[in-house]
Amino acid sequence: MRRYVLRVASLAVALGLWQTLTSLNVDLWLRFSQFPTVTDVARAFAARLSGPDYWTDLTDSLTRILTGFLLAAVLGVATGVLVARSRLAEDLLGPVLEVIRPIPAIALVPVAILLFPSNEQGIVFITCTAAFFPVLVSTRHAVRALTPMWEEAVRTMGGGRWRILGSVVLPGALPGVFGGLSVGIGVSWICVISAEMISGQYGVGYRTWQDYTVVDYPGVFVGMVTIGVLGWLTSTAVELLGRRLTRWLPRTGYVPGARPPRPARSVKPAPAAPAAAPGGPVSEEARDEHLV
């Protein structure tokens, strides 16, 4: 409960600082006088919620992001497993994928305009491409990091290639796959908003750019807040799904900020003093050896 209170407090402090700097028109080095205040953004948000355009834009952006992300998840996992398990596939597909991977997905907007007959299909293509490579790379590394002993155990019990794929490869690679999916959903939001700004007709990105062109800065911040909330909700959904599908994995007891328990100190019994020689006291040399 204390952690949730701290999170709410940090958000409240950030909003309060924003309101203070913009309402006082602070211009030291950054020009906060050009920014709308929190109250202005809140009023614009309430006005936008009451109109139909906001929900239409929200539906269009979610449809594009979900369609492109699901395609990227299926294609990325399949291609990653294929490249990691087959040398022939790695030799044929690896060079092409490594050449395309450094190209930013937003740079493919002209390619999408030339290839696809509609802007809608082009935006889905850009979104899919943005999420495809993080999923591909994470899946490939996760499959290659699997312990060979697991595969040998399945082969020993008579399992074939498909049995190994379903019982060892896919379950063992799930943590790495969902790591790539978490990264991919964030990159997808960046690219789908940029694509909507460039070639879209509806969507949160398109509406945000239109507000900027007509100098409606509170409307711009409404779009930014909407994008942030949607990105946070979708990435949280991916992480929760990943935890549910990998709940068979052993979990650590690590809690951020918690002190590890101190190990119990074992008291060693003191060594026995050297016995005195029969008929006489203990010599000084014997006492010195005992102390050492």
List the atom pairs, with distances to 0.1 Å, where a side-chain N or O of residues 30-38 and a protein N or O form a donor-acceptor pair under 3.5 Å, not counting sequence neighbours.
{"from": "Ser33", "atom 1": "OG", "to": "Asp27", "atom 2": "OD1", "distance (Å)": "3.1"}
{"from": "Ser33", "atom 1": "OG", "to": "Asp27", "atom 2": "OD2", "distance (Å)": "2.8"}
{"from": "Thr37", "atom 1": "OG1", "to": "Thr39", "atom 2": "OG1", "distance (Å)": "2.9"}
{"from": "Thr37", "atom 1": "OG1", "to": "Asp40", "atom 2": "N", "distance (Å)": "3.2"}
{"from": "Thr37", "atom 1": "OG1", "to": "Asp40", "atom 2": "OD2", "distance (Å)": "3.0"}

Less than 3.5 Å apart, which donor and acceptor atoms pair up between the side chains of residues 174-193 and the rest of the protein, not counting sequence neighbours?
{"from": "Ser182", "atom 1": "OG", "to": "Phe178", "atom 2": "O", "distance (Å)": "2.9"}
{"from": "Ser188", "atom 1": "OG", "to": "Gly184", "atom 2": "O", "distance (Å)": "2.8"}
{"from": "Trp189", "atom 1": "NE1", "to": "Thr234", "atom 2": "OG1", "distance (Å)": "2.9"}

Exercise. State which residues pass side chain to side chain contact (heavy atoms under 4.5 Å, CB included) with Tyr212; sequence neighbours excluded, sorted by chain then number.
Key: Trp209, Tyr217, Val220
Practice problem: Flag the pair Leu136 / Phe133 as yes when at least one side-chain heavy-atom distance between them is below 4.5 Å, and no otherwise. | Solution: yes
Quiz item: Leu108: what forms a side chain to side chain contact (heavy atoms under 4.5 Å, CB included) with it, not counting sequence neighbours?
Solution: Ile103, Val111, Phe125, Thr129
Exercise. Check the pair Ser194 / Met197 against side-chain contact (heavy atoms from CB on, under 4.5 Å), numbers first and verdict last.
Key: CA-CA 5 Å; Ser194 303; Met197 288 182 176; 5.6 Å; no
Quiz item: So if you build clusters from Ile, Leu, Val, Met, Phe, Trp, Tyr with side-chain heavy-atom gaps below 4.5 Å, do Ile65 and Leu70 land together?
Solution: no
Quiz item: What heavy-atom pair brings Gly172 and Trp150 nearest, and what distance separates the two atoms?
Solution: CA-CZ3, 4.4 Å
Quiz item: At what distance, to the nearest 0.5 angstrom, does OG of Ser235 lie from CG of Leu230?
Solution: 10.5 Å
Exercise. Not counting sequence neighbours, which residues clear side chain to side chain donor-acceptor pair (under 3.5 Å) with Asp211? List them please.
Key: Arg48
Quiz prompt | side chain to side chain donor-acceptor pair (under 3.5 Å) partners of Glu239, counting only residues at least two apart | solution = none
Quiz item: Hey, are Glu98 and Arg101 close enough for a salt bridge, meaning a charged N less than 4.0 Å from a carboxylate O?
Solution: yes
Exercise. State, with a plain yes or no, whether a side-chain heavy atom of Thr20 is found less than 4.5 Å away from one of Val26.
Key: no
Exercise. Kindly say whether Ile164 contributes a backbone atom to a donor-acceptor pair with the side chain of Ser167 at under 3.5 angstrom?
Key: no
Exercise. Report yes if some heavy atom in the side chain of Trp18 is under 4.5 Å from a heavy atom in the side chain of Val13; otherwise report no.
Key: no
Quiz prompt | Whether Thr22 side chain and Gln19 backbone form a donor-acceptor pair below 3.5 Å | solution = yes
Quiz item: In the hydrophobic clustering (ILVMFWY, side-chain contacts below 4.5 Å, transitive), which residues join Met157, or is it alone?
Solution: none
Quiz item: Any idea which heavy atoms bring Pro110 and Ala107 closest together, and the distance?
Solution: CD-O, 3.4 Å
Exercise. Apply side chain to side chain donor-acceptor pair (under 3.5 Å) to Asp57 and list each qualifying residue two or more places apart in sequence or on a separate chain.
Key: Arg207
Quiz item: Transitively linked via ILVMFWY side-chain contacts under 4.5 Å: Leu233 with Phe45?
Solution: yes
Quiz prompt | Ala89 backbone acceptor or donor facing Ser86 side chain under 3.5 Å | solution = yes
Exercise. Mind checking side chain to side chain contact (heavy atoms under 4.5 Å, CB included) for Leu165 and listing every partner two or more places apart, or none if nothing turns up?
Key: Val81, Trp162, Val169, Leu170
Exercise. Quick one: list whatever passes side chain to side chain donor-acceptor pair (under 3.5 Å) with Tyr54, sequence neighbours left out.
Key: Thr226
Quiz prompt | From Leu62 atom CG to Trp55 atom CH2, the distance as rounded to the nearest 0.5 Å | solution = 10.5 Å
Quiz item: Of all heavy-atom pairs between Cys128 and Leu75, which one has the smallest distance, and what is that distance?
Solution: SG-CD1, 4.4 Å
Exercise. Would you check if the side chain of Ser61 reaches a backbone N or O of Leu58 as a donor-acceptor pair within less than 3.5 Å?
Key: no
Quiz item: Distance from Thr156 atom OG1 to Met149 atom CE, nearest 0.5 Å?
Solution: 11.0 Å
Quiz item: Are Ile227 and Val41 in one and the same hydrophobic cluster, where Ile, Leu, Val, Met, Phe, Trp and Tyr link if side-chain heavy atoms are under 4.5 Å apart?
Solution: yes
Quiz item: Looking at CG of Leu82 and CZ of Arg140, how far apart are the two atoms once the value is rounded to the nearest 0.5 Å?
Solution: 12.0 Å
Practice problem: Indicate if Val225 and Leu15 have the same hydrophobic cluster label, given that clusters are the connected sets of ILVMFWY residues with side-chain heavy-atom separations under 4.5 angstrom. | Solution: yes
Practice problem: Dump the intermediate steps for side-chain contact (heavy atoms from CB on, under 4.5 Å) on Val8 and Tyr4, then the final yes or no. | Solution: CA-CA 6 Å; Val8 173; Tyr4 288 112; 5.5 Å; no
Practice problem: Given side-chain contact (heavy atoms from CB on, under 4.5 Å), test Leu97 with Phe132 step by step and report yes or no. | Solution: CA-CA 11 Å; Leu97 294 174; Phe132 171 76; 4.1 Å; yes
Exercise. Name all pairs fulfilling the side chain to side chain donor-acceptor pair (under 3.5 Å) condition that reach into residues 62-80, sequence neighbours left out, sorted by first residue then second.
Key: Arg64-Glu120, Arg64-Glu196
Exercise. Working to the nearest 0.5 Å, report the span between CG of Leu71 and OG1 of Thr127.
Key: 10.0 Å
Quiz item: Looking at residues at least two apart in the chain, or sitting in another chain, which of them share a side chain to side chain contact (heavy atoms under 4.5 Å, CB included) with Val74?
Solution: none
Self-check item: Arg144 CZ: over 12 foreign heavy atoms closer than 6.0 Å
Solution: yes
Exercise. Check the hydrophobic clustering (I, L, V, M, F, W, Y; side-chain heavy atoms under 4.5 Å; chains of links allowed) and say if Leu66 and Tyr206 are grouped together.
Key: no
Practice problem: Rounded to the nearest 0.5 Å, what's the gap from CZ on Arg85 to CD on Glu90? Could you check? | Solution: 13.0 Å
Quiz prompt | Verdict with supporting geometry, Asp216 and Val222, side-chain contact (heavy atoms from CB on, under 4.5 Å) | solution = CA-CA 10 Å; Asp216 183 9; Val222 169; over 6 Å; no
